[in-house]
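To find a chain, count down the sequence lines: A is the first, B the second, and so on, and within it residues start at 1.
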There are 2 protein chains.
Amino acid sequence: MTAPTHEQEPASGTDIDDEVLGLLRRADQRYTTGRRKLVAALQEGDGPLTINQILDVDDTLAQSSVYRNLMILEQVGAVVRIVTRDEFARYELAERLTEHHHHLICTSCGDVADFALDDRVEATLDRALHKAADTAGFAVDGHRLDLLGTCGSCD
Amino acid sequence: MTAPTHEQEPASGTDIDDEVLGLLRRADQRYTTGRRKLVAALQEGDGPLTINQILDVDDTLAQSSVYRNLMILEQVGAVVRIVTRDEFARYELAERLTEHHHHLICTSCGDVADFALDDRVEATLDRALHKAADTAGFAVDGHRLDLLGTCGSCD
DNA sequence: TCGGGGTTGAGAACCGTTATCAATCCCAAA
DNA sequence: TTTGGGATTGATAACGGTTCTCAACCCCGA
Ligand SMILES: [Mn+2]
Ligand SMILES: [Mn+2]
Ligand SMILES: [Zn+2]
Ligand SMILES: [Zn+2]
């Protein structure tokens with residue numbers, strides 16, 4: 001064990017499937033083959049994926065089913081939908097299944113990659129955010145932090 | 001003067017118009033009445049506004065012109081387009097014309113409000129972000145920090 | 001005053017996403 | 001194992017926010 005984080009241990013390895021199964025069951029949904037392939041595809045990317053990126057990873061998936069199943073997985077709490085700057089939504093596994101992290105958004109090619117901050121910085125940030133939220137009468141659920149700039153492949 | 005910030009003094013009051021005028025001139029664009037009304041509408045909101053919110057504020061504006069002029073004002077660097085969670089894009093004056101700030105996004109009603117962090121926290125954050133970006137070979141342009149939760153009007 | 005390029009705005013087109021629905025799958029009961 | 005029926009699938013149509021089109025208009029300069 002390392003320094004304590006503000007959240008419980010995320011599922012790692014293939015028991016992500018178990019966790020997703022539970023989330024779906026709780027909503028009377030089945031963990032079908034297509035949904036398993038979807039979760040597997042999301043697990044591969046090192047950042048949130050667009051629909052087309054998902055279809056590139058697994059071309060046995062049907063576009064309309066991907067859209068529908070991502071919606072269901074989001075409702076269930078297994079997937080998060082992310083909109084950055086371009087017109088394509090991106091999807092990633094919820095932090096409950098992975099770990100709290102943030103995004104490097106390349107304003108040139110549009111690609112999005114994950115990165116994490118030091119726990120100490122996160123703690124400082126959370127404190128400041130809660131303080132700011134309190135004075136605004138805002139109940140905090142979480143935060144979203146993106147870095148905008150140019151990725152390595154774009155010089 | 002208070003503690004030094006990491007950016008130059010933002011334009012305040014009605015000389016925002018002067019600044020916008022300069023930005024448009026530099027791109028061989030005119031600062032027409034419609035564009036002035038658009039900037040005025042954005043100045044009124046206490047957060048980024050959707051197209052419909054803009055049309056509500058000033059019903060003399062034509063939708064298609066609002067879309068086109070927001071696009072031009074964004075290219076020129078006077079306006080920033082923001083996409084949160086719902087299907088409506090929002091627009092606000094660029095930080096060059098206002099001040100660096102962040103957003104409270106209500107996941108219930110979708111409304112977005114501005115808030116700012118302490119300069120000290122911003123500095124700590126910037127330092128940590130640059131460090132993380134360096135190790136990822138990412139050139140930082142800026143950051144975006146949103147607070148997700150429930151606003152005061154939504155309990 | 002006049003000419004002409006920039007701007008406007010109503011409407012059409014675009015395109016990512018969502019809804020439709022018949023065919024199929026899959027669990028559960030018999 | 002067989003079978004009935006509700007859930008899921010996937011090709012397709014519909015939807016809606018945004019962008020494009022183009023004729024009318026405006027506005028600056030000669
Ligand atoms: Mn964080
Ligand atoms: Mn900041
Ligand atoms: Zn890039
Ligand atoms: Zn609200």
Notebook entry, point to check: If you measure only the distance, is there a donor-acceptor pair under 3.5 Å linking the side chains of B/His102 and B/Asp114?
Noted result: no
Check: A/His143 and A/His100: side-chain donor and acceptor closer than 3.5 Å?
Finding: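 Checked: A/His143/A/His100 side chains pair up, N/O donor to acceptor below 3.5 Å.
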Could you state the atom-to-atom distance from [atom1] of [X] to [atom2] of [N] in whole Å?
| X | N | atom1 | atom2 | answer |
| --- | --- | --- | --- | --- |
| B/Asn52 | D/dG16 | CG | C1' | 12 Å |
| A/Tyr31 | D/dT8 | OH | C1' | 16 Å |
| B/Leu55 | D/dG17 | CG | C1' | 13 Å |
| B/Ile72 | C/dT7 | CD1 | P | 6 Å |
| B/Phe88 | D/dG16 | CZ | C1' | 9 Å |
| A/Ile51 | C/dT18 | CD1 | C1' | 12 Å |
| A/Asp86 | C/dC14 | CG | P | 21 Å |
| B/Gln75 | D/dT19 | CD | P | 10 Å |

Check: Contact class for A/Ser64 (heavy atom, under 4.0 Å): base, sugar-phosphate, or nothing?
Finding: base
Please check the phosphate of [N] (OP1 and OP2 only) for any side-chain N or O of [X] closer than 4.0 Å.
| X | N | result |
| --- | --- | --- |
| B/Tyr67 | D/dT18 | yes |
| A/Thr32 | C/dC26 | no |
| B/Asn69 | C/dT8 | yes |

Output the single nucleotide from [options] whose closest atom is nearest the side chain of [X].
| X | options | answer |
| --- | --- | --- |
| B/Arg68 | D/dT19, C/dT8, D/dG17 | C/dT8 |
| B/Met71 | C/dG9, D/dT19, D/dT18 | D/dT19 |
| B/Arg35 | D/dA11, C/dT7, C/dG9 | C/dT7 |
| A/Gln63 | D/dA11, C/dT17, D/dT8 | C/dT17 |
| A/Arg30 | C/dC27, C/dT17, D/dT9 | C/dC27 |
| B/Arg81 | D/dG17, D/dT18, C/dA19 | D/dT18 |
| A/Ser65 | D/dT9, D/dT18, D/dT19 | D/dT9 |

Note to self: Please report the interatomic distance OG1(B/Thr50) to CD(B/Glu87), rounded to the nearest 0.5 Å.
What the structure shows: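 Here the rounded value is 11.0 Å.
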Check: Is B/Tyr91 reachable from B/Val80 through a run of I, L, V, M, F, W or Y residues, each pair having side-chain heavy atoms under 4.5 Å apart?
Finding: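 Each belongs to a different hydrophobic cluster.
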Next item on the list: Kindly check if the number of other-residue, nucleotide or ligand heavy atoms within 6.0 Å of CZ (A/Arg36) is above 12?
Entry: yes
